[in-house]
Amino acid sequence: GAVVSQHPSWVICKSGTSVKIECRSLDFQATTMFWYRQFPKQSLMLMATSNEGSKATYEQGVEKDKFLINHASLTLSTLTVTSAHPEDSSFYICSARRGYGTEAFFGQGTRLTVV
Amino acid sequence: AQKVTQAQTEISVVEKEDVTLDCVYETRDTTYYLFWYKQPPSGELVFLIRRNSFDEQNEISGRYSWNFQKSTSSFNFTITASQVVDSAVYFCALNGRGSEKLVFGKGMKLTVNP
């Protein structure tokens with residue numbers, strides 16, 4: 001299957017700092033990329049949907065100023081957690097799709113710990 | 001509204017047992033897609049299968065099989081002769097007509113004990 005690479009796989013940062021997570025689709029052009037957050041023993045919570053060159057669409061309750069998403073190209077999307085706090089600690093996962101009806105491929109996930 | 005229900009939250013079996021993971025979905029769309037994903041302890045979701053709403057044929061892939069029943073809005077997943085490596089969280093997902101998003105169920109944790 002297609003490969004989606006997410007980096008870093010884990011990061012520890014101090015409270016108040018910002019962290020950037022990259023998501024790349026390595027072998028296909030992703031018309032749409034998604035960012036999820038997953039709490040322990042819970043399902044995936046969709047944070048936002050991004051299309052190349054346009055602003056991300058955030059789900060209700062997700063702070064767009066805190067979770068900045070940039071989808072600069074058809075193969076790269078970034079999520080920046082700004083002014084991180086311990087409650088932002090979580091497992092963040094990106095995925096990429098070619099379009100409606102196609103399967104989504106997922107990155108390896110990033111475990112963020114804010115201390 | 002679209003919804004995916006995985007009623008089982010956790011199942012524990014002994015190796016070589018067969019196990020079926022249930023998935024019931026809700027949608028008003030006549031055209032839609034269904035998916036199953038596996039999330040092993042490493043965390044990365046692995047795509048297993050995609051099925052469109054017009055294809056009700058059951059699918060078999062090795063020890064995995066899927067039963068799609070539109071009449072009951074179900075898309076169940078059976079693992080035959082389970083192995084320890086099958087231990088993971090399994091997610092069922094729905095993609096409604098024209099939508100970019102996948103709607104996921106809450107997932108079902110399968111533990112296969114040796």
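No hydrogens, no waters, no symmetry mates; every other heavy atom, side chains included, goes into these values. Chain letters run A, B, ... following the sequence lines, proteins first and then strands; every chain starts at 1.
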Under 3.5 Å, is there a donor-acceptor pair between the Q38(A) and Q39(B) side chains?
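There is such a pair between these side chains.
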Under 4.5 Å, heavy atom to heavy atom: which of residues 51-84 of chain A reach chain B? Give them by number, or say none.
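At a heavy-atom separation under 4.5 Å, chain B is reached by N51(A), E59(A).
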Give the interface residues of residues 7-22 of chain A toward chain B, defined by a heavy-atom separation under 4.5 Å.
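Heavy-atom contacts from residues 7-22 of chain A to chain B are absent.
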So if you build clusters from Ile, Leu, Val, Met, Phe, Trp, Tyr with side-chain heavy-atom gaps below 4.5 Å, do [X] and [Y] land together?
X      : Y       : answer
V19(B) : M108(B) : yes
W35(A) : V4(A)   : no
Y32(B) : V4(B)   : yes
L44(A) : W36(B)  : no
M47(A) : M33(A)  : no

Mind ranking Q42(A), K41(A), R97(A) by heavy-atom pairs under 4.5 Å with chain B and telling me who comes out on top?
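Looking at each option in turn, the highest pair count goes to R97(A).
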Mind ranking G109(A), A104(A), G107(A), G99(A) by heavy-atom pairs under 4.5 Å with chain B and telling me who comes out on top?
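Most heavy-atom pairs under 4.5 Å with chain B: A104(A).
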For chain A, find its close neighbours in residues 47-82 of chain B: heavy-atom separation under 4.5 Å, sorted by number, or none.
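Answer by number: F47(B), R50(B).
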Among residues 83-101 of chain B, which ones touch chain A with a heavy-atom distance under 4.5 Å?
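So the qualifying residues are F91(B), N95(B), G96(B), R97(B), G98(B), S99(B), E100(B), K101(B).
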Mind checking the CD-OH spacing from E103(A) to Y37(B)? Nearest 0.5 Å is all I need.
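The OH atom of Y37(B) is 6.5 Å from CD of E103(A), to the nearest 0.5 Å.
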Using 0.5 Å steps for rounding, measure from the CZ atom of F34(A) to the CG atom of L102(B).
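Spacing of CZ (F34(A)) from CG (L102(B)) equals 6.0 Å.
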Portion of T31(B) that has a non-hydrogen atom of chain A nearer than 4.5 angstrom:
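Contact with chain A involves both backbone and side-chain atoms of T31(B).
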If you count heavy-atom pairs under 4.5 Å with chain A, which of E44(B), K106(B), Q6(B) comes out on top?
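Counting heavy-atom pairs under 4.5 Å, the top option is E44(B).
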Using side chain to side chain contact (heavy atoms under 4.5 Å, CB included), reason through V103(B) and L46(A) one step at a time and then give a plain yes or no.
CA-CA 9 Å; V103(B) 175; L46(A) 180 64; over 6 Å; no
How far apart are the closest heavy atoms of F104(B) and S43(A), and which atoms are they?
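In terms of heavy atoms, the two residues are closest at CB-OG, 4.1 Å.
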Decide if atom NZ of K38(B) counts as having more than 12 heavy atoms of other residues, nucleotides or ligands within a radius under 6.0 Å.
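Enclosed.
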